[in-house]
Number of protein chains: 2
Amino acid sequence: MEVNKVTIHDIARALDINSSTVSRALSDSPRVAKKTKDRILKKAQEMGYQRNLLASNLRKNITNTIGVVLPRISRHFFSSVIQGIEEAAYQEGYNVMICQSLEQYEREKNIIETLAANRVDGVIVSISMETVDYNHFECLKSRGVPLVFFDRHCDIPGYNNVLIDDFQAGFDATQHLIEKGCKKIIHFSGPQELEIYKNRFEGYKAALIKNDLPFRSDYVIKTRLNEVDGIANTKKLLNDKLEFDAIFSANDVAAIGAIKCLNEEGIRIPDDISIVGFSNEPISTVINPTLTTINQPGVEMGQRATELLLKNIQNKKAPLKPETIILDSSLIDRESTGKSH
Amino acid sequence: MEVNKVTIHDIARALDINSSTVSRALSDSPRVAKKTKDRILKKAQEMGYQRNLLASNLRKNITNTIGVVLPRISRHFFSSVIQGIEEAAYQEGYNVMICQSLEQYEREKNIIETLAANRVDGVIVSISMETVDYNHFECLKSRGVPLVFFDRHCDIPGYNNVLIDDFQAGFDATQHLIEKGCKKIIHFSGPQELEIYKNRFEGYKAALIKNDLPFRSDYVIKTRLNEVDGIANTKKLLNDKLEFDAIFSANDVAAIGAIKCLNEEGIRIPDDISIVGFSNEPISTVINPTLTTINQPGVEMGQRATELLLKNIQNKKAPLKPETIILDSSLIDRESTGKSH
DNA sequence: CTGTTAGCGCATTCAG
DNA sequence: CTGAATGCGCTAACAG
């Protein structure tokens with residue numbers, strides 16, 4: 001069963017030429033005669049030759065592979081980012097290795113080390129919610145492997161970020177709720193150690209202040225932004241008899257949890273309580289027209305991050321100056337656009 | 001910037017010992033003295049040594065990596081399969097390389113060749129809807145790389161499949177609708193070249209026959225099982241004034257399309273029209289309680305497929321006899337279990 | 001245009 | 001227990 005270990009030497013021997021010529025022919029070098037090239041290609045085919053990329057990569061010291069590290073591929077935002085990354089990467093002949101941290105620091109660390117050990121040419125990362133220090137990127141840094149962060153800001157000096165304006169998004173979301181007449185707006189907030197959630201929170205606060213609404217700290221619920229938390233916190237809000245007429249969730253998953261809970265309790269959205277979350281998940285938002293969302297440009301974010309990364313990979317000698325790209329996000333109001341229900 | 005290329009030779013030189021000893025120490029071989037081992041490990045740490053897996057893998061002729069090829073990671077079923085695969089793989093110290101075919105034969109072919117070139121130790125595949133011949137697996141076959149198929153049956157002799165009983169699932173779905181009083185049941189069918197969709201279709205037919213309902217070929221709609229198709233076909237059904245009281249969709253995505261279309265038209269589900277699709281997508285099904293689903297055990301499928309694959313990898317000399325594992329799927333009726341609405 | 005030579009970094013013989 | 005030698009398969013000088 002374990003067969004077919006035909007190498008360039010085998011095909012060189014079969015043709016009574018040198019293996020370097022074979023190597024050159026197989027990488028379509030111009031420095032080899034059409035005729036011999038054809039002979040070699042034909043023989044290679046006929047012998048069932050398959051290049052060993054391990055050997056090739058070891059020799060060339062590149063892998064043509066970029067690593068992608070993100071919390072969860074099942075979240076639609078992230079899978080649309082992957083979409084963008086793959087498009088941009090394949091176009092330039094790069095492969096993509098996708099890894100999920102599952103929001104766990106330990107896993108993220110392992111992944112980064114594995115990617116480094118596998119000598120990927122560059123890495124695109126959206127850090128986990130648990131990640132507060134960046135020492136685990138040292139193994140990439142020390143080898144000069146380019147790194148681009150997206151969605152969740154990371155301020156390691158010298159690296160690039162591709163983000164949306166989270167302050168603005170938080171502001172817009174809150175402003176939207178206020179304009180709809182909401183006055184008691186709960187905020188499901190994420191870990192404040194992460195810029196992204198801090199900024200969304202600050203945007204929320206700024207919108208309240210601008211509209212002369214009081215900021216109440218008991219309206220700010222610290223959550224881990226998962227669905228279970230979203231459900232539990234909403235239930236707790238109801239039990240506590242804290243009056244509120246809207247929720248602005250710092251991500252989509254917690255918002256989904258809130259919707260589920262409110263549905264269960266027979267509370268109508270948005271008539272009784274309005275909700276805004278972040279998302280570009282088509283299924284949850286279009287089928288369920290009660291969730292107004294801040295739409296994040298996932299595909300574009302993936303593309304931009306990849307383009308930046310590849311530029312860094314190719315320009316490694318003269319690294320670009322670190323830049324932060326801010327993409328536009330847009331608020332989508334399902335109530336006013338959805339025809340259904 | 002391009003720095004830190006410390007190899008076992010560097011650390012050997014620094015300690016004035018031989019690189020083989022270093023190599024042994026770093027792979028924790030028992031054939032090296034505790035004392036020297038400690039010295040080496042310490043020095044390695046201190047010099048910032050990182051093993052080059054490319055070189056190591058080339059030498060050992062294994063990669064400790066398995067490839068996964070599936071249509072789309074954004075579909076919840078597939079991402080839960082990945083969940084299962086990663087769990088089982090990491091436990092055994094394997095890495096996972098995830099690739100999406102996007103239901104395109106050409107992409108699938110490229111991916112398989114890339115995986116083969118990268119010398120993965122085994123591959124887990126759910127073939128694309130376009131895939132009707134299996135020649136592109138030859139590059140793995142010829143090297144004796146183990147291969148396990150899941151969800152979408154593939155009958156290359158000598159390889160394993162992990163599936164659900166699609167005939168039974170199709171039967172159950174249809175039976176369920178009949179028991180609810182539906183008599184005019186549309187079937188959104190997939191490519192009949194694929195066993196999976198043929199079997200679901202056969203199950204549908206069998207249930208009709210068993211219940212003395214007529215089988216009508218105009219009730220069977222060939223679709224590509226994507227959302228756009230689901231919407232378009234539903235709209236067409238309505239325009240054609242073909243009477244129907246239920247849809248059994250051969251996957252979830254087309255069912256989602258149907259729901260969207262019916263929502264738009266103000267047709268109530270399930271009062272006017274019932275729908276059954278395949279899914280284990282929590283968001284779409286729980287929030288939207290109108291979609292009854294055949295639940296597919298994604299995580300378990302991933303685990304079983306991986307266990308099988310790893311067994312094959314480890315037993316390569318004496319390959320297991322090809323087996324097909326059939327897992328249970330269960331019908332989940334949102335109408336009777338959902339408390340909401 | 002082609003051959004020769006020399007490694008990429010590591011793991012594994014085989015000797016001691 | 002450690003050292004010396006060899007080569008995994010490929011590519012990149014450098015000659016010719």
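Throughout, protein chains are lettered first and strands after them, A, B, ... in sequence-line order, and every chain is numbered starting at 1.
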message = Quick check on contacts: within residues 19-37 of chain B, what sits under 4.0 Å from DNA chain C by heavy-atom distance?
response = B:Ser20, B:Ser23, B:Arg24
key: Closest to side chain of A:Asn18, choosing from C:dT4, D:dC8, D:dA12   = C:dT4
Validation row: A:Ile196, A:His153 side chains within 4.5 angstrom (heavy atoms) = no
query = Of the options A:Glu195, A:Glu103, A:Glu193, which is the one that meets A:Arg152 in a salt bridge (Lys or Arg N to Asp or Glu O under 4.0 Å)?
reply = A:Glu103
ask   = Heavy atom of residues 110-117 of chain B under 4.0 Å from DNA chain C: which residues?
value = none
inquiry  = Looking at B:Gln91, I'd like to know if its CD atom is crowded, meaning that more than 12 non-hydrogen atoms belonging to other residues, nucleotides or ligands lie closer than 6.0 Å.
reply    = no
query = Once you round it to whole Å, what is the distance between P of C:dC10 and CG of A:Leu54?
reply = 14 Å
task = Pick out which of A:Glu108, A:Glu113, A:Lys109, A:Glu106 makes a side chain to side chain donor-acceptor pair (under 3.5 Å) with A:His136.
result = A:Glu108
query = In Å, rounded to the nearest 0.5 Å, how long is the span from CG of B:Asn118 to OG1 of A:Thr63?
reply = 8.5 Å
query = Within the pair B:Arg51 and C:dA11, is there a side-chain N or O less than 4.0 Å away from OP1 or OP2?
reply = yes
request  = Give me the bend of the helix from C:dC1-D:dG16 to C:dG16-D:dC1, using the axes of the five pairs at each end, rounded to 10°.
outcome  = 40°
ask   = B:Arg143 CZ to D:dC8 P: how many Å, rounded?
value = 14 Å
query = A:Ala55 has a side chain; which of C:dT12, C:dC10, D:dC10 sits nearest to it?
reply = D:dC10
Close side-chain approach of A:Val125 to A:Phe137, heavy-atom, < 4.5 Å = yes
query = B:Tyr159 and B:Tyr134: aromatic ring centres closer than 6.0 Å?
reply = no
key: Sugar-phosphate only, base, or nothing, as touched by B:Ile17 at under 4.0 Å among non-hydrogen atoms   = sugar-phosphate
ask   = Can you find a pair of side-chain heavy atoms, one from B:Glu86 and one from B:Ile98, that are under 4.5 Å apart?
value = yes
request  = Take the protein atom NZ of A:Lys60 and the nucleotide atom P of D:dG9, then report the distance between them rounded to whole Å.
outcome  = 17 Å
inquiry  = Whole angstroms only, please: what is the CD-C1' distance between A:Gln50 and D:dC8?
reply    = 17 Å
message = From C-beta outward on B:Ile8, which listed nucleotide comes closest to its side chain: D:dC10, C:dG9, C:dC10?
response = C:dC10
query = Does the side chain of A:Thr7 reach to within under 4.5 Å of the side chain of A:Asn52, using non-hydrogen atoms?
reply = no
key: Min side-chain heavy-atom separation A:Arg119-A:Asn57 under 4.5 Å   = no
request  = Round to a whole Å and report the spacing from CG of B:Asn52 to P of D:dC8.
outcome  = 18 Å
message = Which label fits B:Phe77 and B:Phe150: parallel for a plane angle under 30°, tilted from 30 to 60°, or perpendicular past 60°?
response = tilted
Donor + acceptor pair across side chains of B:Ser142, A:Gln50 (<3.5 Å) = yes
query = Could you give the NE2-to-P distance, from B:His9 to C:dC10, as a whole number of Å?
reply = 8 Å
request  = Using atom NZ of B:Lys5 as one end and atom C1' of C:dC10 as the other, report the distance to the nearest whole Å.
outcome  = 14 Å
request  = May I have the distance from A:Ile40 (atom CD1) to D:dC10 (atom P), rounded to whole angstrom?
outcome  = 13 Å
